[in-house]
Number of protein chains: 2
Amino acid sequence: MHTLAEENYLKAIYKLSLIAENVSTNQIAAELATKASSVTDMLRKLADKLLINYTRYQGVSLTQTGEKVAVNIIRRHRLWEYFLVEKLHFKWDEVHEMAEEMEHISSNELIDRLDEFMGFPTRDPHGDPIPDCNGNFKTNDLKAISTVDVNTCGIISGVRDHSSAFLQYLEKQGLTIGKKITIKEIITYDNTVVLQMNNKDLQISRDVANNLLIAL
Amino acid sequence: MHTLAEENYLKAIYKLSLIAENVSTNQIAAELATKASSVTDMLRKLADKLLINYTRYQGVSLTQTGEKVAVNIIRRHRLWEYFLVEKLHFKWDEVHEMAEEMEHISSNELIDRLDEFMGFPTRDPHGDPIPDCNGNFKTNDLKAISTVDVNTCGIISGVRDHSSAFLQYLEKQGLTIGKKITIKEIITYDNTVVLQMNNKDLQISRDVANNLLIAL
DNA sequence: TTGTATTTTTAGACAAGTCTAAAAAAATTA
DNA sequence: TAATTTTTTTAGACTTGTCTAAAAATACAA
């Protein structure tokens with residue numbers, strides 16, 4: 001249907017669209033670790049195929065078709081991640097690269113059956129919502145720990161940074177999806193956040209607090 | 001590790017090597033539905049990487065390394081086919097194309113865990129042996145129905161033709177893996193074979209008899 | 001064994017996707 | 001608003017894998 005490169009561009013544009021409506025050439029280049037000139041070339045191809053809205057120098061947005069394709073890739077990615085963790089017992093920090101390859105397997109019938117096989121999960125191992133076969137999914141109303149008030153409590157429900165390094169750190173601290181925590185104090189000097197979990201205090205840096213999401 | 005094209009060439013060469021030691025450029029071209037000139041180009045690349053033994057005009061054979069890679073691709077293909085049929089309940093005639101894509105997912109850890117998840121199966125849905133993680137597998141000592149004597153009986157255990165059309169035909173006739181049959185008669189006029197299965201007679205053409213394998 | 005047919009290789013071209021370097025447009029700043 | 005910086009695009013080149021057409025090697029047949 002679409003080439004590997006096309007799918008990766010659509011996914012990148014989708015991801016960047018969540019932050020700001022219009023996506024710039026340089027943003028895409030950074031996201032895909034490629035050069036702006038390569039991006040420009042590809043944008044013309046995607047525009048020709050009516051997958052994006054593109055006018056020179058004006059940045060891009062996905063068309064309805066483009067967004068559908070992107071959401072479908074994300075659905076495939078997250079279902080494979082769920083499979084790898086729940087069925088093959090990989091750890092949550094080990095699955096991203098594999099799912100990155102698996103998301104390009106083209107059969108939708110395959111993905112729908114995989115979905116059914118696993119009991120139609122709604123969240124992947126990192127807490128991200130899994131779109132259903134029509135592309136619908138709950139938007140995440142999660143908050144970064146760094147944004148909530150002192151004495152708030154909530155359930156760890158997602159991450160912003162999906163890197164192995166970050167996920168391994170969280171694992172080590174016991175800060176995994178589903179854990180209940182209370183924000184006790186924010187140290188003004190360096191914005192270190194003091195949490196309480198299982199009646200024990202735990203300090204996390206501003207960076208970590210920015211990338212760890214809770215449901216209130 | 002290796003490109004998609006390289007993997008497909010190695011697989012094709014491996015497959016053809018089972019019939020005759022040395023494989024010709026034209027054979028590979030036919031197998032991959034490409035042109036002889038394209039094959040020549042790729043053979044030089046594979047030889048440079050020490051995956052095949054190649055001298056101009058002399059045909060090719062796999063090196064030890066090349067064979068290892070090829071067997072690993074076959075292992076991946078057959079495990080995914082098994083997964084698709086046993087876990088996602090696809091029919092045996094529906095899985096080839098999907099597995100053709102899935103076999104290129106590169107992680108060996110993934111494949112080893114998939115293998116374990118399914119209980120280390122030794123045969124794929126078409127009766128072909130699945131290499132273990134060291135590349136070892138039982139060679140098929142199966143015989144085409146067309147080659148056995150009248151009154152022989154045996155268990156349907158494999159196919160030579162993996163096309164949907166053939167597999168669907170077998171399914172319709174009930175000629176599936178595991179069924180016990182007896183060869184009753186070979187009609188000399190056109191080599192039609194008369195079988196008995198579940199106490200009923202069944203006629204199959206020479207072509208079908210050539211592509212259906214039994215264990216005695 | 002010589003000529004013909006077949007197979008294989010070479011030569012040159014093309015598409016996809018990438019790159020560097022330079023030009024053009026837009027944004028920023030003074 | 002004019003000058004400078006940043007962003008984006010264009011131009012031209014490279015790689016992988018493919019193709020067609022022609023040349024070279026091998027196989028076959030009289």
Side-chain angles (χ1 to χ4, degrees), chain A residues 1-17 19-62 66 69-70 73 100-101 103-104 106, chain B residues 1-17 19-62 66 69-70 73 100-101 103-104 106:
Chain A
M1 194 65 180
H2 302 102
T3 69
L4 184 69
E6 278 171 7
E7 290 199 348
N8 285 333
Y9 273 88
L10 291 173
K11 192 165 54 124
I13 295 165
Y14 180 85
K15 187 175 167 186
L16 294 165
S17 297
I19 303 161
E21 191 67 16
N22 231 39
V23 178
S24 77
T25 302
N26 266 358
Q27 283 176 306
I28 299 169
E31 178 69 26
L32 293 174
T34 184
K35 296 298 152 86
S37 55
S38 309
V39 174
T40 302
D41 286 347
M42 183 57 94
L43 293 184
R44 230 167 330 107
K45 287 175 201 167
L46 293 172
D48 286 351
K49 295 190 174 186
L50 306 178
L51 294 165
I52 60 171
N53 306 114
Y54 170 58
T55 19
R56 275 154 74 246
Y57 296 101
Q58 297 313 126
V60 297
S61 61
L62 292 172
V69 174
I73 298 164
E100 214 56 14
E101 285 184 64
E103 72 191 9
H104 301 291
S106 59
Chain B
M1 194 64 181
H2 302 102
T3 68
L4 185 68
E6 278 172 6
E7 291 198 347
N8 285 333
Y9 272 88
L10 291 173
K11 193 165 53 120
I13 295 166
Y14 180 85
K15 187 175 166 185
L16 295 166
S17 297
I19 303 160
E21 192 66 18
N22 231 40
V23 177
S24 78
T25 303
N26 265 359
Q27 283 177 305
I28 299 168
E31 178 69 25
L32 293 174
T34 185
K35 295 299 152 87
S37 55
S38 310
V39 174
T40 302
D41 286 345
M42 183 56 93
L43 293 185
R44 230 168 329 105
K45 287 175 202 167
L46 293 173
D48 286 350
K49 294 190 174 187
L50 307 177
L51 293 165
I52 59 171
N53 306 113
Y54 170 58
T55 19
R56 275 155 75 244
Y57 295 102
Q58 297 312 125
V60 297
S61 62
L62 293 172
V69 175
I73 298 163
E100 222 40 26
E101 285 184 63
E103 71 191 9
H104 301 290
S106 60

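Numbers restart at 1 for each chain; the letters A, B, ... are given by sequence-line order, proteins then strands. All values below come from the heavy atoms of this structure, side chains included, with hydrogens, waters and symmetry mates left out.
Within the nucleic acid shown, B:Thr25 comes within 4.0 Å of sugar-phosphate atoms alone, with no base atom in reach, counting heavy atoms only.
In this structure, B:Tyr9 reaches the D:dT18 phosphate: one of its side-chain N or O atoms is under 4.0 Å from OP1 or OP2.
Near-neighbour residues of DNA chain D inside residues 40-54 of chain A, defined by a heavy atom below 4.0 Å, number-ordered: A:Thr40, A:Arg44, A:Tyr54.
Distance CG/B:Leu10 to CD1/B:Ile73: 5.5 Å, rounded to 0.5 Å.
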When you compare the protein's N or O atoms with those of nucleotides 4-6 of chain D, which come within less than 3.5 Å of each other, and at what distance?
none

Output a table of nitrogen or oxygen pairs between the protein and nucleotides 22-26 of chain D separated by less than 3.5 Å.
{"from": "D:dA25", "atom 1": "O4'", "to": "B:Tyr57", "atom 2": "OH", "distance (Å)": "3.4"}

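Among the nucleotides D:dT20, C:dT20, D:dT9, the one closest to the side chain of A:Ala36 is D:dT9. In the set C:dT18, C:dT8, D:dT18, the nucleotide with an atom closest to the side chain of B:Ala5 is D:dT18.
Looking only at side-chain heavy atoms (C-beta outward), A:Leu43 and A:Ile28 come within less than 4.5 Å of each other.
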* **From CA spacing to verdict: side-chain contact (heavy atoms from CB on, under 4.5 Å), A:Ile13, A:Ser17** => CA-CA 6 Å; A:Ile13 295 165; A:Ser17 297; 3.9 Å; yes
* In sequence, state the C-alpha distance, the side-chain angles, and the governing distance for B:Glu100 and B:Lys11, and then conclude on side-chain contact (heavy atoms from CB on, under 4.5 Å). => CA-CA 11 Å; B:Glu100 222 40 26; B:Lys11 193 165 53 120; 2.8 Å; yes
* Going through the distances and angles, do B:Gln27 and B:Asn22 end up as a side-chain contact (heavy atoms from CB on, under 4.5 Å)? -> CA-CA 10 Å; B:Gln27 283 177 305; B:Asn22 231 40; over 6 Å; no
